[in-house]
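Chain letters run A, B, ... following the sequence lines, proteins first and then strands; every chain starts at 1.
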There are 2 protein chains.
Amino acid sequence: MKSVTRSLRVLEAVAQLQPVTVGELAKHFDLPKSTVQRTLVTLHEAGWLRASRGDTTRWEIGARVLAVRPAALQGSTLFAAAREPMMRLRDAVNETIHLSVLDGLQSMVVVDRADCDRAVRTFHQIGDTSPLHATAVGKAVLAHLRAHEVDEVLARGLPSYGEATVTDLDTLRAELEQVRRDGYAVNRNQYRTDVCAIAAPILERDGTPLAAVAVSMPDSRFDEDRLPELGRTVAETAAEITGRRLG
Amino acid sequence: MKSVTRSLRVLEAVAQLQPVTVGELAKHFDLPKSTVQRTLVTLHEAGWLRASRGDTTRWEIGARVLAVRPAALQGSTLFAAAREPMMRLRDAVNETIHLSVLDGLQSMVVVDRADCDRAVRTFHQIGDTSPLHATAVGKAVLAHLRAHEVDEVLARGLPSYGEATVTDLDTLRAELEQVRRDGYAVNRNQYRTDVCAIAAPILERDGTPLAAVAVSMPDSRFDEDRLPELGRTVAETAAEITGRRLG
DNA sequence: ATCTGTCGTGCCACATTGTGGAACGCTGTG
DNA sequence: CACAGCGTTCCACAATGTGGCACGACAGAT
């Protein structure tokens, strides 16, 4: 369904570029203006887009989308529970903090962020997805999935994103064991070069992993010696979020 | 674009009914299973849906949608800021609390809810829209819009939804003046019969209204005498949310 | 005033695209 | 063992979306 796929792409582009015009989107996708225009009008009629308040030829995301949320986040207790602990962690370490949730067993999706004020910092867009086996948040979650779920994920293979990516199954399984012992997962340049992170999982009452918090930083600021201390801090933050969420 | 419109409807239905099967959706919309199935697969390929973790024939909203948010809510600080104050307000008054945001200048959209535990209670679905001139949340916001924006809204007319709806311009303008003085807006059966509400606005730093919180209740529990006290409580909750959001 | 470039919008013939009835394979049940 | 109900697949048909083109509005330069 070409038109549907394209409409969703347009919707995502509007979310990033808002407030945005027909022409800008047409260039962005290299599509005829008329096609983009029709798409925008359709999305508008469905209540998903609205005209910008100042400039009526610019488009924005409408509030309707807020009704569409993953069940795990209904009531948005995750956001609410995570916000303050994330900010405190950010202030404590002065690095960017990410909150990522597990999407199916497919990938991790960045859903919230607390930026540090350094000149050089890592940057992940909200909504960005990343693989389970090659990121700190992914491994933090992976380490707490049920055995058959882990098998399912690993069965899809371990694509490499650079030299540092772990592509060997046994090595990865050993690492997951380590993650369970330590309470935190580490990623050093395994997904994006020069991006390192330390993450800990946020669990449901029954132990199912739902999401993870991560401190991420450029490789230049990754200090092996401070790792245990930093790891403990991240794990404490994750535990606090879990606690707040479950009351 | 029929297929696009329908896909978005399906997406919204999945959000409400998740985790949901093809058949359930087909019945819900009275559509051929094959059509629904194709739509679900397309939405899945686009990353907006995922198979349920337990039952792979059930569908859920994927985390991707979290990347698509109105600009005013980027960082999702509204939800996070509102959650706790809403719950406390709910506990204090034991009535259902709604959080609604202004969508363009078109309407208010319910985006979050804290239910009370009474047998009889008001019910608004998350995602429901309502007019600005005939609801408490709408009037709370309307009272703080700029003059030319108010004119624009009122120029579209004041459709009636029953006897109690204010359809006279001057009466409404006087009421908005009152709302500014009191700090809260009241709706007694003006939109839905037997549904009353008291709402207060959540503002941006520059005073622009962004959203509103409301206590809503059946007419039978609306007590004229307690109105000022209840109004003050709601206004305090809104002020606290505004404060938290802006740090 | 006039020209020119750029914008958002509206049109319409064409064929690509989505449609939905029918049939399939599977699972649990009476 | 037949049956009912499920999710899934297929395919001929025509309804549907496509995108080149042209229009009117606007802004800046001549």
Exercise. Would one find a side-chain N or O of B/K2 under 4.0 angstrom from OP1 or OP2 of D/dA14?
Worked result: no
For this session: Could you check which of D/dT9, D/dC6, C/dG10 has an atom nearest any side-chain atom of B/Q37?
Result: D/dT9
Exercise. Base, sugar-phosphate, or nothing: which does A/T35 touch, judged by heavy atoms less than 4.0 Å apart?
Worked result: base
For this session: Please report the closest heavy-atom contact between A/R9 and A/F29, naming both atoms and the distance.
Result: O-CZ, 3.6 Å
Problem set entry | B/D117 and B/R90 ion-paired at < 4.0 Å | no
Exercise. Which listed nucleotide (D/dG7, C/dG8, D/dG20) is nearest to the side chain of B/T57?
Worked result: D/dG7
Problem set entry | Given DNA chain D, 5'-ward residue of the pair B/R38 and B/E24, judged by closest heavy atom | B/E24
Exercise. Out of D/dG20, C/dG18, C/dG8, which has the shortest distance to the side chain of A/M1?
Worked result: C/dG18
Seminar exercise, completed: Ranking C/dG18, D/dG19, D/dC6 by distance to the side chain of B/S3, first place goes to C/dG18
Problem set entry | B/R180/B/E177 ion pair, N-O < 4.0 Å | yes
For this session: Decide, yes or no, whether a salt bridge links B/R83 with B/D112 under the criterion of side-chain N to carboxylate O below 4.0 Å.
Result: yes
Problem set entry | Atom-to-atom span, CG of B/L40 to C1' of D/dT8 - whole angstrom | 12 Å
Exercise. How is A/S34 classified with respect to the nucleic acid when contacts are heavy atoms under 4.0 Å: base, sugar-phosphate, or nothing?
Worked result: base
Problem set entry | Under 4.0 angstrom between A/K27 side-chain N/O and C/dC7 OP1 or OP2 | yes
